[in-house]
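Below is one structure, written out as structure tokens, with a few remarks after it.
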Amino acid sequence: MGRKFFVGGNWKCNGTTDEVKKIVTTLNEAKVPGEDVVEVVVSPPYVFLPVVKSLLRSDFHVAAQNCWVRKGGAYTGEISAEMLVNLDIPWVILGHSERRQLLNESNEFVGDKVAYALSLGRKVIACIGETLEEREAGTTIAVVAEQTKAIAAKVSNWDNVVLAYEPVWAIGTGKVATPAQAQEVHADLRKWVHDNVSADVAASLRIIYGGSVNGGNSKELASQPDVDGFLVGGASLKPEFIDIINAATVKN
């Protein structure tokens with residue numbers, strides 16, 4: 001059985017109630033392939049999770065943008081995985097480069113967060129990726145392998161994990177890894193998983209690409225054999241997100 005295409009929309013720190021409702025209306029009216037072809041997950045800011053979940057079509061799902069590394073308590077400003085369970089939010093994005101860079105989340109900390117969210121039955125979009133300096137130094141594979149290793153050290157069951165490769169130099173910059181560059185890293189990541197986790201996990205694990213994906217480049221990126229979908233930033237707030245979802249049809 002092939003890997004089901006996955007498209008995630010990360011709305012980041014954007015939106016008002018009215019804007020969010022408008023995005024949901026656009027999504028609800030969209031003509032896209034069925035759930036057997038593509039899995040669609042959108043990730044609004046925390047304060048809008050309940051309203052989006054209540055209004056969004058049933059074949060699309062909702063993700064939180066982060067959750068805390070352990071059970072809730074005296075952690076002002078944090079949201080626990082237990083709260084996501086309570087709100088019936090199935091997915092969470094963890095390890096996004098913006099949190100790694102702006103909030104100094106280490107590889108090990110991200111690994112712990114992934115493991116804790118999974119232990120509470122959440123599904124995780126786990127993000128990895130290199131900076132421009134690291135790519136220019138030729139250390140891309142070493143960097144993403146190290147980030148993946150920290151997750152693999154804490155995770156025994158990968159069924160509920162999607163690995164998102166997001167080159168930091170391509171996020172919000174308009175620069176995109178070429179389809180060949182994306183394929184090369186995805187293939188190397190799959191080989192790393194094959195050699196260090198298992199052949200079965202390597203075959204089934206969805207590795208998605210993020211970094212200035214848009215309606216214009218999504219089909220060519222999707223045509224790469226090891227690109228199993230996308231994590232989309234800015235374009236997920238726009239109608240072109242529908243075009244990106246429809247890029248899933250190139251896999252058929």
Side-chain angles (χ1 to χ4, degrees), residues 1-10 33 35-41 43 61 63-64 67 81 90-97 100 107-108 110-130 140-167 170 177 179-211 213 218 221-232 244-245 247-248 250-252:
M1 183 170 162
R3 298 180 295 270
K4 187 193 293 187
F5 206 76
F6 183 100
V7 179
N10 179 8
E35 285 184 279
D36 56 327
V37 174
V38 62
E39 187 167 7
V40 179
V41 176
S43 188
H61 301 285
C67 67
W91 285 90
V92 60
I93 299 171
L94 295 173
H96 194 280
S97 65
R100 290 178 186 265
N107 292 345
E108 291 69 31
V110 171
D112 286 337
K113 288 171 82 167
V114 171
Y116 191 72
L118 290 172
S119 76
L120 286 170
R122 298 311 85 188
K123 300 176 182 181
V124 175
I125 301 166
C127 303
I128 58 173
E130 85 283 14
T140 293
I141 300 307
V143 169
V144 296
E146 200 62 28
Q147 292 169 335
T148 308
K149 181 181 176 183
I151 295 166
K154 304 287 170 61
V155 172
S156 53
N157 185 338
W158 288 75
D159 290 351
N160 288 329
V161 178
V162 169
L163 197 60
Y165 167 60
E166 297 199 298
Q181 285 174 322
Q183 167 58 23
E184 180 185 16
V185 178
H186 283 229
D188 283 334
L189 278 167
R190 203 174 300 284
K191 183 178 186 308
W192 188 93
V193 174
H194 179 282
D195 295 346
N196 295 277
V197 181
S198 79
D200 286 347
V201 172
S204 62
L205 177 66
R206 290 179 291 181
I207 305 176
I208 63 175
Y209 172 77
V213 177
S218 55
L221 285 162
S223 69
Q224 303 303 308
D226 287 290
V227 175
D228 302 316
F230 304 115
L231 184 56
V232 184
I244 298 170
I245 296 170
V250 306
K251 292 295 190 189
N252 290 353

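Predicted, not measured: the structure shown is a model, and the values here were computed from it.
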Under 4.5 Å between any side-chain heavy atoms of [X] and [Y], yes or no?
| X | Y | value |
| --- | --- | --- |
| C67 | K113 | no |
| W91 | V162 | yes |
| V41 | F6 | yes |
| E166 | H96 | yes |
| L163 | I128 | yes |

To the nearest 0.5 Å, what is the distance between [atom1] on [X] and [atom2] on [Y]?
| X | Y | atom1 | atom2 | result |
| --- | --- | --- | --- | --- |
| L189 | T148 | CG | OG1 | 5.0 Å |
| D188 | T140 | CG | OG1 | 9.5 Å |
| E39 | I245 | CD | CD1 | 12.0 Å |
| R206 | D226 | CZ | CG | 14.5 Å |
| I208 | I125 | CD1 | CD1 | 5.5 Å |
| K154 | L118 | NZ | CG | 12.5 Å |

Please test V38 against V7 for side-chain contact (heavy atoms from CB on, under 4.5 Å), starting from the C-alpha separation and ending with a verdict. CA-CA 7 Å; V38 62; V7 179; 4.0 Å; yes
To check you understand the geometry: which heavy-atom pair defines the closest contact between [X] and [Y], and what is its length?
| X | Y | result |
| --- | --- | --- |
| L221 | A177 | CD2-O, 3.9 Å |
| A222 | A247 | CB-O, 3.8 Å |
| V161 | L205 | O-CD1, 3.4 Å |
| V227 | K251 | O-NZ, 2.9 Å |
| S218 | V213 | CB-CG1, 4.2 Å |
| L94 | A117 | CD1-CB, 4.0 Å |

Y209 vs Y165 aromatic rings, parallel, tilted or perpendicular, using cut-offs 30° and 60°? tilted
Please check: side-chain N/O of [X] versus main-chain N/O of [Y], any donor-acceptor pairing under 3.5 Å?
| X | Y | value |
| --- | --- | --- |
| Q147 | G129 | yes |
| K4 | E35 | yes |
| R100 | C127 | yes |
| R190 | A203 | no |
| E108 | A150 | no |
| H194 | A202 | no |
| D228 | I207 | yes |
| R122 | A63 | no |

Is there a side-chain contact (heavy atoms from CB on, under 4.5 Å) between I151 and W158? Walk through the geometry before answering. CA-CA 10 Å; I151 295 166; W158 288 75; 4.1 Å; yes
